[in-house]
Amino acid sequence: MANQYRVKTGVKLYTQVLEQVKSMIAQGVYKKGDLLPSEKELIEMMGVSRITVRKALQILSEAGVIETRKGKGSFVAVDASELKKYCESFVQATQARLLLEPAIARQAAQTATPEELEQLRKNVHTALPMDRFHDVLVEMVHNPLVTDWIQQSHRLETDPTLSALIPPARQRSMSPQLEAQHQKIYEAIRDHKSEHAYFYMKEHLEFVLESYQEYFAMFY
C-alpha cells in the first residue's frame, strides 16, 4: 500500500503517527473494540519505520486509548463520543473549581483546627488512582452543599465508562509534582497564611487544568 500521508517537517514522526491514529478514532473510522491496522500496515500507510510506529502505539496504550494484546494487535479502548463529553465536562468542572477551591483554602487557613490539620497532613501524598487531599480540605469548610459539589467534580476522574483511560492524576510520573503542590498548600494552611494558601491552590489547579488539556489534546 502506498504512503497515504504527507510527512510534516519539524514534527517528530511518532507524533505524526499518533495524530493520525487518534484522528481516525475521533472521526469514528475505528470504534471502541475495533482492531487497528497492524504495525506493518501502519508502516506502509504512513511511510515510517517500525520503531516510530511502536513509539506512537506505546504512548496511546499508556494513555488507555488503545489496548495492545500480544499476538492479536491493538484494539480501540475508548468510545469517541463518550470521550469528547468527558473532556468537555472535566475542563468545565476544573475551571469552576478554580473559582471556588482557592477561597476554600484561604478559609481553611483561618479556621482549621489541629485535628483537621492533622487529617489534611495525612492526605498530602497522593494515593493512586485517586487522592483524598482535596476532599479532606473541602470538608473543612463544614458546608455540605459545597462538599457534595466538589466531590462530584472530583469523581469525573474515575468515571466508570472511561475506566480504560489513564489521566494525568493517575499517572505515577505526575505524583511527585502533585504531592509537592499539596505540601505547599498544607503548609500555608498550617501556618495560617491565608493568601499563600489561596495562591498555591490556584497555582495547583491551573497546573492540573493545563496537564489535562495537554492530555485531552492527544484525542482531539
Side-chain angles (χ1 to χ4, degrees), residues 62-64 82-83 85-219:
E62 289 175 351
E82 290 179 355
L83 181 58
K85 187 185 301 182
Y86 169 76
C87 295
E88 292 172 348
S89 296
F90 187 93
V91 168
Q92 290 171 357
T94 306
Q95 289 171 336
R97 287 174 62 195
L98 263 165
L99 299 175
L100 188 57
E101 287 196 50
I104 290 173
R106 174 195 282 149
Q107 180 175 324
Q110 298 169 350
T111 63
T113 65
E115 293 77 18
E116 288 172 335
L117 287 171
E118 177 60 15
Q119 187 65 19
L120 188 63
R121 184 193 65 78
K122 290 179 179 179
N123 285 278
V124 163
H125 300 293
T126 59
L128 298 174
M130 189 67 178
D131 71 76
R132 278 267 300 150
F133 181 81
H134 290 266
D135 289 341
V136 171
L137 178 58
V138 172
E139 289 166 2
M140 291 165 67
V141 303
H142 305 289
N143 184 319
L145 292 177
V146 173
T147 299
D148 288 346
W149 189 90
I150 292 291
Q151 290 181 345
Q152 181 180 354
S153 70
H154 294 172
R155 284 193 289 272
L156 281 171
E157 291 184 6
T158 54
D159 187 329
T161 64
L162 298 159
S163 58
L165 292 179
I166 308 175
R170 289 168 50 200
Q171 294 175 12
R172 295 190 180 280
S173 61
M174 191 173 171
S175 290
Q177 292 167 286
L178 294 176
E179 290 181 3
Q181 292 168 5
H182 287 175
Q183 184 69 31
K184 288 172 65 176
I185 296 167
Y186 161 71
E187 289 177 358
I189 293 172
R190 179 199 63 194
D191 297 338
H192 307 295
K193 295 180 177 179
S194 57
E195 293 309 313
H196 285 74
Y198 181 98
F199 172 79
Y200 290 146
M201 177 60 77
K202 184 172 184 290
E203 182 181 58
H204 170 58
L205 289 175
E206 286 173 344
F207 170 78
V208 170
L209 180 59
E210 182 180 349
S211 298
Y212 271 84
Q213 287 176 323
E214 290 178 359
Y215 171 76
F216 294 148
M218 183 178 298
F219 311 111

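We're numbering straight along the sequence, starting at 1. Here the structure is a predicted model, which is why all the values come from computation and not from measurement.
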Correct closest heavy-atom pair for Ala96 and Trp149 would be CB-CH2, 3.3 Å

Value for CG (Leu205) from CD (Glu210), rounded to nearest 0.5 Å, stands at 13.0 Å

query: Would you say Ile189 and Leu137 make side-chain contact, with heavy atoms under 4.5 Å?
result: yes

The side chain to side chain donor-acceptor pair (under 3.5 Å) partners of Glu187 (sequence neighbours excluded) come to Gln183

Given the options His196, Glu203, Glu179, Lys184 meets side chain to side chain donor-acceptor pair (under 3.5 Å) only with Glu203

Item to check | Ile150 vs Glu101 side-chain heavy atoms within contact, under 4.5 Å | outcome: yes

Q) Does the side-chain contact (heavy atoms from CB on, under 4.5 Å) test come out yes or no for Leu98 and Glu206, once each step is laid out? A) CA-CA 7 Å; Leu98 263 165; Glu206 286 173 344; 3.7 Å; yes

Where does the angle between the aromatic ring planes of His182 and Phe133 fall among parallel (under 30°), tilted (30 to 60°) and perpendicular (over 60°)? parallel

Query - Contact check, side chains of Leu178 and Val208, non-hydrogen atoms, under 4.5 Å - result: yes

Checklist entry - Would you find a donor on one side and an acceptor on the other, under 3.5 Å apart, between the side chain of Glu116 and the backbone of Thr113? => result yes

How about Tyr186 and Gln181: do any of their side-chain heavy atoms sit closer than 4.5 Å?
no

Distance col, row Ile185:CD1 vs Lys202:NZ, nearest 0.5 angstrom, shows 13.0 Å

Q: Applying side-chain contact (heavy atoms from CB on, under 4.5 Å), run through His134 and Glu139 and close with a yes or a no.
A: CA-CA 9 Å; His134 290 266; Glu139 289 166 2; over 6 Å; no

For His192 and Gln110, test the side chains for any donor-to-acceptor distance below 3.5 angstrom and give the result as yes or no. no

Residues at least two apart in sequence or cross-chain that pass salt bridge (charged side-chain N to carboxylate O under 4.0 Å, His left out) with Glu118, listed by chain then number, are Arg121

Closest heavy-atom pair, Ala109 versus Ser194, reported as atoms and distance to 0.1 Å, is CB-CA, 3.6 Å

In terms of heavy-atom contacts, Pro102 and Arg97 come closest through CD-O, 3.5 Å

So NZ of Lys122 and CZ of Arg132: to nearest 0.5 Å the spacing works out to 12.0 Å

CZ (Arg190) and CG (Leu117) are apart, to the nearest 0.5 Å, by 9.0 Å

(Q) Is a donor from one side chain sitting under 3.5 angstrom from an acceptor on the other, for His204 and Gln177? (A) no

(Q) Under a 3.5 Å distance rule, please check whether Asn143 uses its side chain to pair with a backbone N or O of Leu145 as donor and acceptor. (A) yes

message = Evaluate Lys193 against Tyr198 for side-chain contact (heavy atoms from CB on, under 4.5 Å), listing each step before the verdict.
response = CA-CA 9 Å; Lys193 295 180 177 179; Tyr198 181 98; over 6 Å; no

